[in-house]
Asker: 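This structure is in structure tokens; I'll ask about it shortly.
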Protein chains: 4
Amino acid sequence: MPLSEAQKEKMKQKRARILETAIVLFAEAGYEGTTIKQVAAKAGISFGSVFTYFETKETLFHAAVTEPLDHFSKKILDFDDASEKPLEELENMIGQHIETYASLSAYLNLVSYVISHHNLFPETFEELDAFHETLKGKVARLVENGQQKGVLLEQEIEHTVTGYTSLLMGLRLNLIDEPASDLWAKFIPIALQLFGPRYH
Amino acid sequence: MPLSEAQKEKMKQKRARILETAIVLFAEAGYEGTTIKQVAAKAGISFGSVFTYFETKETLFHAAVTEPLDHFSKKILDFDDASEKPLEELENMIGQHIETYASLSAYLNLVSYVISHHNLFPETFEELDAFHETLKGKVARLVENGQQKGVLLEQEIEHTVTGYTSLLMGLRLNLIDEPASDLWAKFIPIALQLFGPRYH
Amino acid sequence: MPLSEAQKEKMKQKRARILETAIVLFAEAGYEGTTIKQVAAKAGISFGSVFTYFETKETLFHAAVTEPLDHFSKKILDFDDASEKPLEELENMIGQHIETYASLSAYLNLVSYVISHHNLFPETFEELDAFHETLKGKVARLVENGQQKGVLLEQEIEHTVTGYTSLLMGLRLNLIDEPASDLWAKFIPIALQLFGPRYH
Amino acid sequence: MPLSEAQKEKMKQKRARILETAIVLFAEAGYEGTTIKQVAAKAGISFGSVFTYFETKETLFHAAVTEPLDHFSKKILDFDDASEKPLEELENMIGQHIETYASLSAYLNLVSYVISHHNLFPETFEELDAFHETLKGKVARLVENGQQKGVLLEQEIEHTVTGYTSLLMGLRLNLIDEPASDLWAKFIPIALQLFGPRYH
DNA sequence: TATGAATGAGGTTTCATTCAT
DNA sequence: TATGAATGAAACCTCATTCAT
């Protein structure tokens, strides 16, 4: 007797709830500092049920880190690196990035935790790193575009881009308890400076 | 029977060795992921001895995070915010900062771990935060100085400074396995851009 | 709505399949080492269904040990203790016993497990023991018959019989992976020696 | 500061006590049915301490099965397979074996458990099996000796010997709660029959 | 002071059993 | 009747801490 559609839907939601809870708790206390019992309690289910949805704690951790990447990357990669107006595009991109980073406090805290401890979670880190490379590549093309069109200062592209993603992660760390707010928007022009904008 | 000077010296060294080891291990694996046994083994002593020098694991952690701050802050705050040539001073400061951040991989990884998990270590975080505020204050004064002298773009000072320290932390995170090297120096001009330098 | 005959038959077969599987697994891994999930998987049904046929794991275990006894005892007790030719009868009996023991590897392994751990399964053991007593009684009568007719050495009957069933169980243990084969038949004359056969 | 001799001695005794307890409990309830907590309680120590002496439950089990083998094998292999009076030697050997098997109830129950479940404990079984082969080899030489001297019936030696060790194990199983007593001695002449003794 | 054996709380995970579908 | 998600007791094992030597 296969599960009914309604049941499947319910399970999907439960799984999502566990994952959300796990992201928050892993972000707050790290892998070892988080217990399955805590996750279960906060997700409102018995701790045994966590194992219905995730084989092991490790599996849960991996899923908590990598599954949101899809959604995240869509928002983060949504800009045109071949734009005719690269300066405007860059500014929009930065705005979108800042907004996204502002709104994903727990998740990005978790991401930086994995990066810091990449030796402990090599496979999980791998996926994050792959995305990071993709992001840097696309931003690099936009910067190159801007430099060629003369609206950005000619400086070493690769380092500029690394500096930019570093700034984003660093902001997320420094503004750790700062909810998404107008404050974040204030950093848009600052971040833009990094690229050496040239207005004519 | 009071301890001889030689004994005192030996104990001091042992304590220092434990602390160094603890920094590395706490940085690699976090608080819960690190065991006293590991620290003792890597420091080359019996695990019982760790408790001779540090009452509890928590004490050790706190010491590992806060004790290096003195040395660190000396290097980091060593610039003149009232300099007559603020742009040069800024550039030198950035160089010194980058160099310091490049050379303290494990320690700064640990610092960012504490910031990320500040709810778990409120008192330890407090001390880091106090230093961070001091640093931002002094950099802010230098920036103000530079803006007044017209060598820096007039932009919101507080956010500029937060952006700058964010960039430093972000770089440390992104270049996590990058040893101190020429590569790091490449980020000096990039970081400088953040402040909007104006050459005449 | 009463079940149709076909359904009843199907259920009977399913129950038998579970029991067979349980015998093999309990024999291989013991009571605690065997899980209902394993039994269900190997029997090709959902683990929930096992509980449709057997109330608890204990019930299943008891059934796995005792239900085959009927069939087993029929084969094992199939000899004539009042035979006119007790030596021939004895030899035939041994042959039949050896053959049966050879062919019921898993089941007899399970039986010896229950005997070994009789304190854990007192009621189950009771039934095995009752059968064992029956068997020993009947063999004892045949031996007595043989001794009276002068074709068996006059030796303590009870111990001879215990020795004989011990030998059977011991062989089953020692030849644990030996499938039913000619090899087993080689033990018939050896076993016969135990009774001190006297040929005239 | 190394441990004092007195401490070492104490630890040795504690280890032995754990092992003894483990033998009894593993024999009674099998591997899965025995808990470290039970072993610790019965040995009169905290359950954490068990892990000071044995890394894992598996290690403890292996030690419980194999360590007594040394002592056991000395008693069991103590006969002269080249004796000038093989029939007497055989009888003495049987007496010694029966006595030993009678006195080692728990341990031999454990041994038969391992044999029954050899797939679960392949390495542990290996050691038992090696000893069994040694024993069978030596008994076989004594039997050959006896057959050559005409005091034993000429029958297949290998199977005779396997029959004999099977009988011993089977007796241990059947007399599971029978303490060492005169009863056991009654089985000496029965066992002897297996070899077909010829008196002249 | 240095050592490491002893302790037991608490972690992850397994699994028999219940029960809604 | 058949299924398998939900539950929580209990297993093994780790580890901070204590304390005797």
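Every chain is numbered from 1 and lettered A, B, ... according to where its sequence line falls, protein lines coming before strand lines. Computed from a predicted model, the values in this text were never measured in an experiment. Heavy atoms only: backbone and side chains are in, while hydrogens, waters and symmetry mates are out.
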Asker: Reading 5' to 3' and counting Watson-Crick or G-U wobble pairs with both distances under 3.5 Å, write the dot-bracket notation for DNA chain F, | for bases paired outside the strand.
Answerer: .||||||||||||||||||||
Asker: Ser116(D): what forms a side-chain hydrogen bond (donor to acceptor under 3.5 Å, both in side chains) with it, not counting sequence neighbours?
Answerer: Asn109(C)
Asker: Can you see if the side chain of Lys10(A) gets near the phosphate of dA20(E) - specifically, an N or O under 4.0 Å from OP1 or OP2?
Answerer: no
Asker: Which residues pass the side-chain hydrogen bond (donor to acceptor under 3.5 Å, both in side chains) test with Ser49(C), not counting sequence neighbours?
Answerer: Ser46(C)
Asker: Any idea which of dA2(E), dG8(F), dG8(E) is nearest the Ser46(D) side chain?
Answerer: dG8(E)
Asker: Listed by chain and number, what are the ring-ring contact (aromatic ring centres under 6.0 Å, His included) partners of Phe125(A), not counting sequence neighbours?
Answerer: His118(A)
Asker: Using side-chain hydrogen bond (donor to acceptor under 3.5 Å, both in side chains) as the criterion, list what pairs up with Thr66(B), not counting sequence neighbours.
Answerer: none
Asker: According to the salt bridge (charged side-chain N to carboxylate O under 4.0 Å, His left out) rule, which pairs have a member within residues 46-62 of chain C, sequence neighbours left out?
Answerer: none
Asker: I'd like a list of close polar pairs between nucleotides 13-16 of chain E and the protein, N/O only, cut-off under 3.5 Å.
Answerer:
residue: dT13(E); atom: OP2; partner: Lys57(A); partner atom: N; Å: 2.8
residue: dA16(E); atom: OP1; partner: Thr34(C); partner atom: O; Å: 3.4
residue: dA16(E); atom: OP1; partner: Lys57(C); partner atom: NZ; Å: 3.1
residue: dA16(E); atom: OP2; partner: Ile36(C); partner atom: N; Å: 3.0

Asker: Under 4.0 Å, counting only non-hydrogen atoms across every strand here, what does Tyr53(C) touch: a base, just sugar-phosphate, or nothing?
Answerer: sugar-phosphate
Asker: When the side chains of residues 35-42 of chain B are checked against the rest of the protein, which donor-acceptor pairs come out under 3.5 Å, sequence neighbours left out?
Answerer:
residue: Thr35(B); atom: OG1; partner: Gln38(B); partner atom: N; Å: 3.1
residue: Gln38(B); atom: OE1; partner: Thr35(B); partner atom: N; Å: 3.3

Asker: Is there a side-chain polar atom (N or O) of Thr52(B) under 4.0 Å from OP1 or OP2 of dT1(E)?
Answerer: no
Asker: Given the rule in the side-chain contact (heavy atoms from CB on, under 4.5 Å) test, do Tyr113(C) and His117(D) qualify, once you have shown the distances and angles that lead to the verdict?
Answerer: CA-CA 10 Å; Tyr113(C) 172 79; His117(D) 303 84; 3.7 Å; yes
Asker: Using the salt bridge (Lys or Arg N to Asp or Glu O under 4.0 Å) criterion, which residues pair with Glu67(B)? Sequence neighbours excluded.
Answerer: Arg15(B)
